[in-house]
Amino acid sequence: MHYSSYIELSQKALEKNIRFLRKRIGKSSLFSSVVKGNAYGHNIGDFVPLAVRCGIRHFSVFSVEEAFAAHEHLSHDCHLMIMGYIDPEDLEWAISKGISFYVFDCGRLEAAVSRARSMGMKARIHLELETGLNRTGLEGQELERAAEIIIRNRDWVTVEAACTHFAGAESIANFWRINNQIKRFSEAVSRLERQGLSIPKKHTACSAAALRYPETIMDMVRFGIAQYGYWPSMETRIQYLLERQEDGKGPGQNPLRAVLTWKSRIMSVREVKTGEYVGYGTIYQTSRTQRIATVPIGYSHGFARSLSNLGYVLVHGRRCPVAGTVSMNATTIDVSHVHDARAGDEVVVVGRQGKNEITIGSFSDMSRNLNYEVLVRIPSEIPRVIVD
Ligand SMILES: *Cc1c(COP(=O)(O)O)cnc(C)c1O
């Protein structure tokens with residue numbers, strides 16, 4: 001069967017991103033590949049084996065179901081970490097597979113200890129410390145109590161690390177908040193150590209923190225967005241360019257390259273006379289005789305309806321505007337300037353074709369964290385193909 005659109009994942013692009021990011025964090029910090037949100041829309045079942053081929057051995061997910069999806073694609077020397085949701089009933093599965101998980105309250109800690117004890121195994125935990133995000137995390141007396149529980153149950157729990165998550169390291173607007181979190185993190189770790197708990201490793205950084213606050217790199221970085229080839233925000237990209245300038249270097253090439261390209265094909269091309277409307281309603285009227293092509297993707301595939309009359313796609317390496325409304329399964333584009341465009345020709349919805357590129361950022365209105373949201377909304381049913 002042939003699909004109306006498909007997604008290519010580029011191994012070369014991923015290798016390039018990993019090389020750049022590894023160089024930034026240095027040899028003593030571990031690269032954890034964050035594959036929550038269906039690997040940011042790349043598809044966990046396709047992305048994880050690709051990342052393993054590129055040398056990644058540590059993966060982070062949010063929930064137990066994502067852990068389940070990732071687990072079957074890991075090689076035996078890989079490690080998996082759950083940063084968020086696990087139902088108490090599933091702790092046993094996680095412990096039995098040696099999967100580590102965040103502990104952010106004493107309830108979960110006690111549940112983990114009791115499961116581990118009844119299994120005769122050790123739970124591998126990461127102590128999540130509350131430092132200012134105010135979502136999940138241990139602090140104050142609860143943190144002290146957690147340390148006591150761990151010390152009393154050393155046979156059933158291994159503390160692998162202490163960790164925290166920043167509240168928006170990609171924006172300079174949060175500069176003071178992030179610095180405060182960094183300080184609170186190190187104070188909380190010292191308090192734990194004074195209580196007699198040894199903290200073998202520390203990790204705090206996501207992509208933006210690793211790129212902007214080098215002191216947050218520590219023993220491991222949890223790389224999400226950047227490994228897929230996107231800057232967490234325009235600011236992070238500008239700061240990188242300024243750094244290069246300070247080092248006396250030119251802007252150079254973008255060191256990050258999008259792993260994902262979303263492609264479709266022209267379904268049909270027709271000539272539409274001057275003054276006719278195209279598609280539903282009256283929002284697009286031809287101003288001369290135009291060649292209009294129909295592409296079999298629409299808002300049911302995550303090609304947002306808000307791209308009506310606004311979006312662009314690439315045909316033969318040339319930008320072609322969306323002409324009229326995006327409908328559920330089809331979108332009309334103007335190919336008047338691409339004279340030899342015909343049915344069956346490749347259409348790039350997101351990604352590079354020839355010298356042109358449709359970036360995820362330009363794919364819809366620019367707004368903060370849009371990269372993330374657009375990516376995870378790409379339907380998982382669209383087939384992914386690994387390319388070199
Ligand atoms: C999503 C997430 C990350 C990765 O964030 P990016 O900005 O995509 O690099 C890291 N840590 C935690 C706890 C996360 O939830």
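The model shown is predicted, which means the values in this text are computed figures rather than measured ones. Counting starts at 1 for both ligands and their atoms, in listed order. By convention here, the first residue in the shown sequence is residue 1.
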Legend entry - G224 N/O to ligand 1 N/O under 3.5 Å: yes
Inset, instruction - Tell me, please: is Y372 in heavy-atom contact with ligand 1, that is, under 4.0 Å? - result: yes
Legend entry - N or O pair under 3.5 Å between Y102 and ligand 1: no
Inset, instruction - Identify whether the distance between the nearest side-chain nitrogen and carboxylate oxygen of E243 and K249 falls below 4.0 Å. - result: no
Inset, instruction - Quick one: look up the protein heavy atom nearest atom 12 (C) of ligand 1 and list residue, atom name and how far away it is. - result: H165 CE1, 3.4 Å
Inset, instruction - Might you point out which heavy atoms bring N38 and E66 nearest each other, and give the distance in Å? - result: N-OE2, 4.3 Å
Legend entry - Nearest candidate to atom 9 (O) of ligand 1, where distance is taken over non-hydrogen atoms, out of A169, A205, S207, G37: S207
Inset, instruction - Identify the protein heavy atom lying closest to atom 11 (N) of ligand 1, giving its residue, its atom name and the separation to 0.1 Å. - result: R222 NE, 2.8 Å
Legend entry - Residues K263 and E346 bridged, charged N to O under 4.0 Å: yes
Legend entry - K36, portion touching ligand 1 at heavy-atom distance under 4.0 Å: side chain
Inset, instruction - Using distance alone, determine whether V34 and ligand 1 share an N or O pair under 3.5 Å. - result: no
Legend entry - Salt bridge present between K12 and D388 (N-O < 4.0 angstrom): yes
Legend entry - NZ/NE/NH1/NH2 to OD/OE distance under 4.0 Å, R191 and E144: no
Legend entry - R184, CZ atom: more than 12 neighbouring heavy atoms under 6.0 Å: yes
Legend entry - Enumerated ligand 1 atoms positioned under 4.0 Å from heavy atoms of Y40: 1 (C), 4 (C), 5 (O), 6 (P), 8 (O)
Inset, instruction - Pull out every atom of ligand 1 sitting under 4.0 Å from any heavy atom of M83, numbered as shown with elements. - result: 11 (N), 12 (C), 13 (C), 14 (C), 15 (O)
Inset, instruction - Mark yes when over 12 heavy atoms from residues, nucleotides or ligands other than K201 sit less than 6.0 Å from its NZ; otherwise mark no. - result: no
